[in-house]
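Single-structure report; data block below.
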Protein chains: 2
Amino acid sequence: MREGRNRNAFQIVKEDSQTKARAGILRTPHGAIHTPVFMPVGTYATVKTCTPYELEALGSQIILGNAYHLYLRPGHNIIKKAGGLHRFMSWEKPILTDSGGFQVFSLGENRQLSEEGATFRSVIDGSKHLFSPERSIEIQNAIGADIIMAFDECTSYPCDYEYARESMELTTRWARRCKAAHNKHEQLLFGIVQGSVYLDLRRKSAEDLVETDFDGYAIGGLSVGEETEIMYNVIGHITPMLPRDKPRYLMGVGTPENIIEAVSLGVDMFDCVLPTRNARNGSLFTSEGKVKIKNARYKRDFTPLDPNCQCYTCKNFTRAYLRHLYMVNEILAHRLHTLHNLHFYLSLMRGIRRAIDDNTFSKLKDDIAALVSSGQECGVERKE
Amino acid sequence: MREGRNRNAFQIVKEDSQTKARAGILRTPHGAIHTPVFMPVGTYATVKTCTPYELEALGSQIILGNAYHLYLRPGHNIIKKAGGLHRFMSWEKPILTDSGGFQVFSLGENRQLSEEGATFRSVIDGSKHLFSPERSIEIQNAIGADIIMAFDECTSYPCDYEYARESMELTTRWARRCKAAHNKHEQLLFGIVQGSVYLDLRRKSAEDLVETDFDGYAIGGLSVGEETEIMYNVIGHITPMLPRDKPRYLMGVGTPENIIEAVSLGVDMFDCVLPTRNARNGSLFTSEGKVKIKNARYKRDFTPLDPNCQCYTCKNFTRAYLRHLYMVNEILAHRLHTLHNLHFYLSLMRGIRRAIDDNTFSKLKDDIAALVSSGQECGVERKE
């Protein structure tokens with residue numbers, strides 16, 4: 001065990017008696033995170049449309065950045081020179097960066113894979129780049145997030161068994177190289193469990209990563225097209241193999257239903273573009289179900305988007321106004337929709353944490369509206 | 001004089017001894033406006049990228065809406081049903097709507113002019129519409145702004161004398177019809193002086209409108225391509241013909257220099273898309289001159305956009321970060337740039353009002369940076 005490594009960053013505060021859900025606190029250099037937590041996605045050093053002030057007012061505890069995107073633009077060296085990502089974007093709370101694995105492998109034809117790493121051409125200027133485990137860690141060290149991720153190969157779905165096995169074994173070797181390369185120990189390093197939908201491969205991946213010993217464990221390669229039940233089955237298979245006292249992060253998932261189910265299976269951390277991307281597409285989460293704001297039925301609907309919501313959007317504007325802004329393609333539509341959808345997700349997580357604390361989680365877990373409602377008032381909301 | 005018409009809406013508080021500049025208060029149903037005032041443009045029931053909360057925090061006293069655009073989308077009847085534009089967009093301070101004249105005449109080939117009004121085809125769905133003076137007033141009554149404008153023809157530049165004369169006379173006849181049609185007297189109605197660059201036509205226009213008696217007088221048809229000196233000459237010719245005790249509004253103008261010069265010629269009110277449109281194009285006003293944020297020189301510039309500025313953008317972010325956001329086309333770039341440029345314009349106006357009060361206007365009028373600096377702290381700024 002190396003000097004300076006904080007091995008007690010995560011602490012479980014409460015475990016649900018009926019499910020595997022747990023509430024915890026993850027301590028980072030930029031503050032403590034109460035789990036289960038949803039992390040808004042801020043790929044390019046901004047959660048799309050939001051100021052840091054708004055994110056904090058919404059109750060965001062941690063946001064995501066992406067090593068691949070930030071490496072290409074503006075370049076990790078510029079972020080380093082700015083004093084790190086927190087100072088660059090003026091966000092003083094925790095940040096997690098993804099390693100870039102998912103993005104590099106999404107390039108398909110435009111990248112080549114070897115034991116060393118992945119070579120790819122920039123979609124911006126065609127220039128050639130190599131992402132290796134060491135390079136990804138170097139970039140993530142420069143960016144300076146509180147939590148960084150091992151460089152992995154994320155398989156697509158469906159994926160044949162042999163490819164999934166070889167890929168998982170490569171991801172494990174890369175994870176070890178990441179750990180060896182990482183010497184900025186104030187940054188927590190998470191390993192990523194792969195193995196597609198094959199439970200024996202997932203077991204092997206988890207065992208090898210746990211043996212290598214990371215500060216936390218992510219579950220990657222899910223929500224890539226497989227049936228929801230298969231995803232739940234894989235998650236439920238993996239979490240019991242991970243150490244109880246380390247945080248568990250389900251990457252890129254998902255809907256409110258997905259999150260509640262994964263929490264019940266013992267997952268602590270989530271990220272997903274759904275609330276922010278859907279917002280910009282006018283697809284809004286409410287306590288009464290989804291609202292597609294462009295629908296003509298809202299043209300003369302002078303009620304709030306969600307009558308049970310306490311967000312700035314719902315307290316100040318009507319569906320008719322939001323629809324109008326959306327139809328004339330005003331930036332304010334994207335802003336107000338993003339604020340609302342993030343508030344919905346963050347309220348859901350507050351409701352989940354409260355339910356775990358209160359021992360009501362198993363009772364409430366099928367009632368999204370009740371969880372969201374319970375989480376409304378917990379946030380640091382702007383009084384406007 | 002009709003019952004209920006508030007003929008003392010405008011009050012001059014101070015007149016500059018060296019120039020024709022004056023400071024005043026214009027009272028409206030939604031509050032008092034301190035002049036000289038800049039009105040941010042909110043064409044589609046939103047000042048692009050801004051929430052009402054932000055506009056108020058920036059110190060905006062009044063914003064603009066546009067009858068033509070709001071008539072087409074979402075439709076004035078929807079706004080009326082929402083309880084008026086203030087409620088529709090959740091803005092509780094004064095609003096001014098332009099009549100739609102400028103927009104209709106900008107359609108060129110797509111509109112036909114007659115004594116009755118202007119017939120045009122919608123650019124959205126090709127449907128045919130008639131804007132007459134009576135129709136424009138009906139629409140503006142429904143929208144419910146505090147200040148509404150007579151329906152005018154805005155000539156382009158250059159414009160031959162005969163066309164300018166006939167157009168001006170038509171605008172005068174339309175202005176009288178607007179006054180006759182307007183019976184919602186809590187809304188102030190402004191007439192618009194036209195006549196292109198011909199001083200005798202401008203005189204005739206002003207005299208006829210003053211005789212008709214409006215709550216305020218606008219100067220239209222300027223900043224449409226003519227030399228700046230010609231514009232100043234026309235303004236300087238018109239203002240002495242307008243009643244001292246009525247507000248004067250120079251439509252669609254302009255740069256900080258234009259505004260200061262027009263204030264010195266006795267103009268009280270301004271609107272222009274420059275601060276908001278330039279913001280979205282990455283062209284930023286600073287106390288040290290214009291900054292084109294995409295310039296490569298800002299890539300590693302970790303200083304604030306304007307070191308002398310107290311806006312949210314300048315207090316929290318660097319040029320390098322703003323450039324990055326702009327280069328990856330993030331909405332936050334447009335937001336932060338708009339906040340800054342509006343803060344610059346509104347600080348300039350606060351500085352101008354203070355200078356008139358202090359009898360330092362003529363001394364400071366060539367020093368934009370000093371005026372903006374003097375106006376920094378007067379606003380209701382967000383403490384963040």
Side-chain angles (χ1 to χ4, degrees), chain A residues 42-54 56-57 69-70 72-75 77-79 81-83 85 87-92 124 276 280 298-302 312-313 315-321 323-336 338-339 382-384, chain B residues 42-54 56-57 69-70 72-75 77-79 81-83 85 87-92 124 276 280 298-302 312-313 315-321 323-336 338-339 382-384:
Chain A
T43 305
Y44 272 122
T46 163
V47 174
K48 289 190 190 298
T49 84
C50 296
T51 61
Y53 175 82
E54 286 165 346
E56 193 171 344
H69 289 289
L70 293 173
L72 289 176
R73 291 186 291 186
N77 285 327
I78 283 181
I79 294 176
K81 212 172 165 190
L85 183 55
R87 283 192 62 184
F88 185 59
M89 67 181 292
S90 201
W91 170 254
E92 291 169 10
I124 299 152
T276 41
R280 299 194 306 284
Y298 303 125
K299 206 167 178 178
R300 288 174 183 79
D301 184 340
F302 301 110
Y312 177 67
T313 302
K315 283 196 294 186
N316 288 280
F317 306 98
T318 62
R319 292 173 172 192
Y321 182 66
R323 179 180 187 275
H324 161 67
L325 290 181
Y326 185 78
M327 297 306 283
V328 296
N329 199 26
E330 284 285 350
I331 280 177
L332 187 56
H334 303 316
R335 288 188 58 189
L336 295 177
T338 299
L339 283 179
R382 268 156 94 178
K383 296 284 172 276
E384 293 171 355
Chain B
T43 304
Y44 271 123
T46 162
V47 173
K48 289 188 188 302
T49 83
C50 296
T51 61
Y53 175 81
E54 286 165 345
E56 192 170 347
H69 289 290
L70 294 172
L72 290 177
R73 292 186 291 185
N77 286 327
I78 284 181
I79 294 176
K81 210 171 167 194
L85 183 54
R87 284 192 62 184
F88 186 59
M89 68 181 291
S90 202
W91 169 254
E92 292 168 11
I124 299 152
T276 42
R280 299 193 306 282
Y298 303 125
K299 205 167 178 177
R300 288 175 183 78
D301 184 341
F302 300 109
Y312 177 68
T313 302
K315 284 196 293 185
N316 288 280
F317 306 98
T318 63
R319 293 173 172 191
Y321 181 66
R323 180 181 186 276
H324 161 66
L325 290 181
Y326 185 77
M327 297 306 282
V328 295
N329 200 25
E330 284 285 351
I331 280 177
L332 187 56
H334 303 315
R335 288 189 58 188
L336 296 177
T338 300
L339 284 180
R382 268 156 91 178
K383 295 283 174 276
E384 295 172 356

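Lettering of chains follows the sequences in order, A, B, ..., and the numbering in each one begins at 1. Fair warning: this is a prediction, and the values are worked out from it, not measured in the lab.
With chain A as partner, the option from B:Met89, B:His69, B:Arg300, B:Met327 having the largest number of non-hydrogen pairs under 4.5 angstrom is B:Met89.
Proximity to chain A (any heavy atom under 4.5 Å) is shown, for B:Ile78, by both the backbone and the side chain. Interface remark: A:Ala333 contributes no atoms to any contact with chain B (heavy atom separation under 4.5 Å). For a residue to count as touching a neighbouring chain, one of its non-hydrogen atoms must lie under 4.5 Å from one of that chain's; by this rule B:His334 touches chain A with the side chain only. For a residue to count as touching a neighbouring chain, one of its non-hydrogen atoms must lie under 4.5 Å from one of that chain's; by this rule B:Phe302 touches chain A with the side chain only. Heavy atoms of B:Phe317 lying under 4.5 Å from chain A belong exclusively to its side chain. Contacts between B:Arg73 and chain A at a heavy-atom distance below 4.5 Å involve backbone atoms as well as side-chain atoms.
The two residues A:His324 and B:Ala45 have their closest heavy-atom pair at NE2-CB, 4.1 Å. When all heavy atoms of A:Pro52 and B:Tyr312 are compared, the pair lying nearest together is CD-OH, 3.6 Å.
For A:Arg319, the side chain to side chain donor-acceptor pair (under 3.5 Å) partners at least two apart in sequence or on another chain are A:Asp301.
Between the side chain of B:Tyr44 and the main chain of A:Asn329, no donor-acceptor pair closer than 3.5 Å is present.
Taken from CD1 in B:Ile331 to NZ in A:Lys48, the straight-line distance is 8.0 Å, to the nearest 0.5 Å. The distance from the CZ atom of A:Arg335 to the SG atom of B:Cys50 is 7.0 Å, given to the nearest 0.5 Å.
Screening B:Leu332, B:Thr313, B:Asn316 for a side-chain contact (heavy atoms from CB on, under 4.5 Å) with A:Thr51, the sole residue that qualifies is B:Leu332.
The number of heavy atoms from other shown groups lying within 6.0 Å of CZ (B:Arg280) is above 12.
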